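Below, read A as the first sequence line, B as the second, and so on, with proteins coming before strands; counting in each chain starts at 1. Fair warning: this is a prediction, and the values are worked out from it, not measured in the lab.
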Number of protein chains: 2
Amino acid sequence: MAVNNFSAAQRSRVTMLDVAERAGVSKASVSRFIGDDRALLSDAIALRIEQAIDELGYRPNQMARGLKRGRTRLIGMLVADIRNPYSIAVMHGVETACRQHGYSLVVCNTDRDDEQERQHLAALRSYNIEGLIVNTLGHHLDQLLELQREMPLVLVDRKVEPLHSDLVGLDNPAAVRIAVEHLEQQGYRNVLLVSETTDGTSSRLERLESFKAELARRSGLTGAVVELDDELESRLQTFLAKPGSKALFCANGIAALACTRALKALGCELFNDVGLIALDDLDWYPLVGNGITALAQPTQAIGASAFDCLLKRLRGDTAPARTLDFLPELIIRGSTQLPVGGGLLPMAACPSAYL
Amino acid sequence: MAVNNFSAAQRSRVTMLDVAERAGVSKASVSRFIGDDRALLSDAIALRIEQAIDELGYRPNQMARGLKRGRTRLIGMLVADIRNPYSIAVMHGVETACRQHGYSLVVCNTDRDDEQERQHLAALRSYNIEGLIVNTLGHHLDQLLELQREMPLVLVDRKVEPLHSDLVGLDNPAAVRIAVEHLEQQGYRNVLLVSETTDGTSSRLERLESFKAELARRSGLTGAVVELDDELESRLQTFLAKPGSKALFCANGIAALACTRALKALGCELFNDVGLIALDDLDWYPLVGNGITALAQPTQAIGASAFDCLLKRLRGDTAPARTLDFLPELIIRGSTQLPVGGGLLPMAACPSAYL
DNA sequence: GGAATGACTGAAACCGGTTTCAGGAAACCA
DNA sequence: TGGTTTCCTGAAACCGGTTTCAGTCATTCC
């Protein structure tokens with residue numbers, strides 16, 4: 001039958017000892033061949049070992065290696081919400097970098113749940129991962145601190161205050177400035193920042209603070225802030241009732257989705273009644289209305305960079321904690337083209353073939 | 001300084017021996033306490049061990065446990081394209097199930113690349129994972145077969161012919177029937193199936209074959225098939241030039257994205273000129289035009305079910321390979337509402353507030 | 001020619017756990 | 001009382017590798 005019984009640990013795998021016997025040498029020599037000490041071996045022995053390995057199809061057991069060596073070649077990544085496209089994109093960057101350097105990635109999704117975060121942290125620790133990439137709320141500080149003592153740790157997107165590790169993320173003040181500036185230039189005068197509940201998340205707080213600061217610096221703009229909740233529709237309705245040219249600034253992809261949904265439910269014409277600019281660039285942005293203007297984060301670079309930090313630390317770099325801020329790229333689409341007439345005459349200003 | 005040096009393996013972690021000494025017992029007793037043999041211990045000793053563990057903050061090393069026991073509590077998952085929302089959704093289901101049963105998930109993304117698939121398979125094997133969930137093209141059959149001898153293996157979405165393992169996925173014939181039936185009922189007479197290159201992918205082939213079969217069964221419908229490529233726009237243009245009421249059937253989310261993009265680029269009015277139904281339900285479907293009608297796959301259930309198969313096999317189930325086909329859910333939105341007049345008069349049939 | 005050097009190699013200890021096995025103490029039985 | 005049986009415990013072997021350390025043998029150097 002094709003389906004075997006795996007419950008009884010019939011692990012009949014070829015071991016180093018098998019190879020050693022076949023080649024007529026000691027385990028030590030095989031180990032040297034496997035490892036980086038091949039230079040220590042004579043050509044004759046190396047050849048015999050190589051043949052034996054080929055013939056038996058031997059593959060060293062990474063777990064066993066890790067036990068003595070302390071190197072498991074495993075990196076852990078703790079993600080707050082695996083269904084957030086931003087997280088996925090960063091994860092993809094991390095994963096690629098891992099593979100390129102011979103590491104594998106253990107992904108743990110906390111679903112924004114503290115208990116899951118706790119469980120995952122415990123599990124990751126028990127697997128002797130060599131480093132950890134963290135993109136969560138970072139409750140369970142005690143566990144994180146403990147892990148930090150044992151391995152390098154890199155934060156992605158969000159700071160966890162008492163942790164001062166390396167931090168890789170977006171230059172939020174710059175991003176907000178670019179967004180607000182763009183809206184101002186396009187002629188919008190009233191801007192609403194829509195964000196998920198900040199909930200102590202540093203990046204969200206930074207965006208919020210920067211937004212307020214930008215408004216304060218610019219006399220021509222007024223604005224307000226709302227958090228995502230069940231009331232979003234009515235809040236937007238209130239905002240839309242204001243006079244003058246209005247735009248939404250969605251602080252991330254989730255907010256952009258929620259806002260677009262709400263606007264649609266309110267019967268708005270996307271995006272003539274109100275402009276919209278969003279952080280993160282999702283693949284459906286071009287499809288809605290005349291396209292949603294976005295600030296794309298270099299997620300691939302952020303992920304790769306996070307792994308790079310880890311690798312540097314693993315190799316002994318003891319420089320003080322770094323902060324790597326990446327700049328977003330402004331991708332202008334139809335949602336920030338103020339219709340002729342300042343939004344009061346939502347006519348055919350945006351031909352439907354516009355992209 | 002906050003940043004330590006981790007290059008020198010200063011793994012000063014608390015070990016079982018530390019606990020044993022602190023509690024004044026042998027390693028064996030601690031091991032029994034940790035494992036499921038607590039019943040073997042006297043209350044007095046159990047208490048001392050428990051205290052010692054608490055005081056030292058001991059956590060057993062899963063790698064070491066796995067070495068002797070053969071149980072690493074690690075599940076591998078090989079994903080063809082981590083940026084495909086379907087894969088993510090399934091992965092989320094798998095991950096949740098894993099955690100609930102004390103397993104962790106090692107995710108490997110192949111980016112549809114054969115060489116990466118090879119590397120990942122080798123890595124997974126070296127980590128002594130207990131089971132493998134596969135959602136790739138399954139080239140490198142030799143490696144997969146080898147892994148299959150060592151551990152249970154579950155295929156997701158796509159069959160890999162010579163592998164006959166458990167298979168969890170969509171009931172493709174049923175899905176296609178539901179889609180075609182819906183289009184027919186809505187009054188569409190000419191249907192174009194748009195699919196990614198089949199490239200031997202069983203699910204894509206099944207959808208294609210079922211589509212042809214459905215057309216053959218229904219006298220009122222004609223149809224054709226195209227694969228995604230650079231020519232998509234011009235192919236759609238050709239299709240749109242045909243007479244009568246037309247609809248696209250996108251075989252997955254990627255195809256839906258590409259088609260919507262192409263239609264937009266062609267200046268179509270979404271979706272008056274042409275209807276659209278898509279497999280997979282992505283969160284932006286409601287936002288485009290008057291919403292895209294979808295066949296939602298129960299991805300969470302598929303993921304959980306894949307893990308469940310694995311678990312059964314790990315527990316000794318040797319029944320012949322199973323195939324679990326899930327049914328999709330039809331979610332009707334605006335993209336399959338034929339405008340009054342059979343698509344020849346694309347007027348205000350779809351109020352913009354429609355959802 | 002004998003000592004010193006260097007290049008390889010293998011035996012054995014070790015990593016951190018699990019498991020076998022044998023033995024001591026207590027309980028049970030006659 | 002002696003002989004089992006049962007219960008609990010620890011010593012030691014083991015999992016599959018790595019690493020130390022000592023030893024063999026061929027060279028090289030006076």
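Although no hydrogens or angles enter the test, the distance criterion places no donor-acceptor pair under 3.5 Å between the side chain of A:D199 and the main chain of A:T201.
Contact annotation: A:Y58 side-chain N/O to D:dG17 OP1/OP2 distance is under 4.0 Å. Within the structure, a side-chain polar atom (N or O) of A:S42 is placed less than 4.0 Å from OP1 or OP2 of C:dT9.
Regarding A:D37, its CG atom lies at a distance of 15 Å from the C1' atom of C:dG10, rounded to whole Å. Following rounding to the nearest Å, A:I49 (CD1) and D:dG17 (P) show an atom-to-atom distance of 13 Å. The nearest whole Å value for the distance from the CD atom in B:Q62 to the C1' atom in C:dT18 is 12 Å. We find that CD1 of A:I53 is positioned 16 Å from P of D:dG16, with the value rounded to whole Å. C:dC8 atom P lies 15 Å from atom CG of A:L47, rounded to whole Å. Whole-Å rounding puts the A:R65 CZ to D:dC15 C1' distance at 16 Å. Atoms CD1 (B:I45) and C1' (D:dC7) sit 12 Å apart, rounded to a whole Å. Residue A:N128 contributes atom CG, which lies 9 Å from atom P of C:dG16 at whole-angstrom precision.
Residues from residues 24-35 of chain A with heavy atoms under 4.0 angstrom of DNA chain D, sorted by number: A:K27, A:A28, A:S31, A:R32.
Just one of B:T72, B:L74, B:I75 meets the side-chain contact (heavy atoms from CB on, under 4.5 Å) condition when paired with B:S104; it is B:L74.
A donor-acceptor contact closer than 3.5 angstrom is absent between the side chains of A:E117 and A:H139. A donor atom on one side chain and an acceptor atom on the other are not found under 3.5 Å apart for A:N61 and A:R13. One side chain, B:D157 or B:S203, offers a donor N or O that lies under 3.5 Å from an acceptor on the other.
For the side chain to side chain contact (heavy atoms under 4.5 Å, CB included) test, residues two or more places apart in sequence or in another chain that qualify with A:S31 are A:M16. In this structure A:D308 satisfies the side chain to side chain contact (heavy atoms under 4.5 Å, CB included) test together with A:K312, sequence neighbours excluded. With sequence neighbours excluded, the residues satisfying ring pair (Phe, Tyr, Trp, His ring centres under 6.0 Å) with B:F307 are B:H101, B:Y103.
When each of B:K68 and A:N61 is assigned the nucleotide of DNA chain D bearing its nearest heavy atom, the one mapping closer to the 5' terminus is B:K68.
The stretch residues 46-60 of chain A participates, sequence neighbours left out, in these salt bridge (charged side-chain N to carboxylate O under 4.0 Å, His left out) pairs: A:R22-A:E55.
Looking at heavy-atom distances under 4.0 Å, A:L17 makes no contact with the nucleic acid at all.
For the helix from C:dG1-D:dC30 to C:dA30-D:dT1, the terminal axes (five pairs an end, C1' atoms, rotation from four pairs onto the next four) enclose an angle of 50°, given to 10 degrees.
Relative to the side chain of A:T15, the nucleotides C:dT18, D:dG10, D:dG16 differ in distance, and D:dG16 lies closest.
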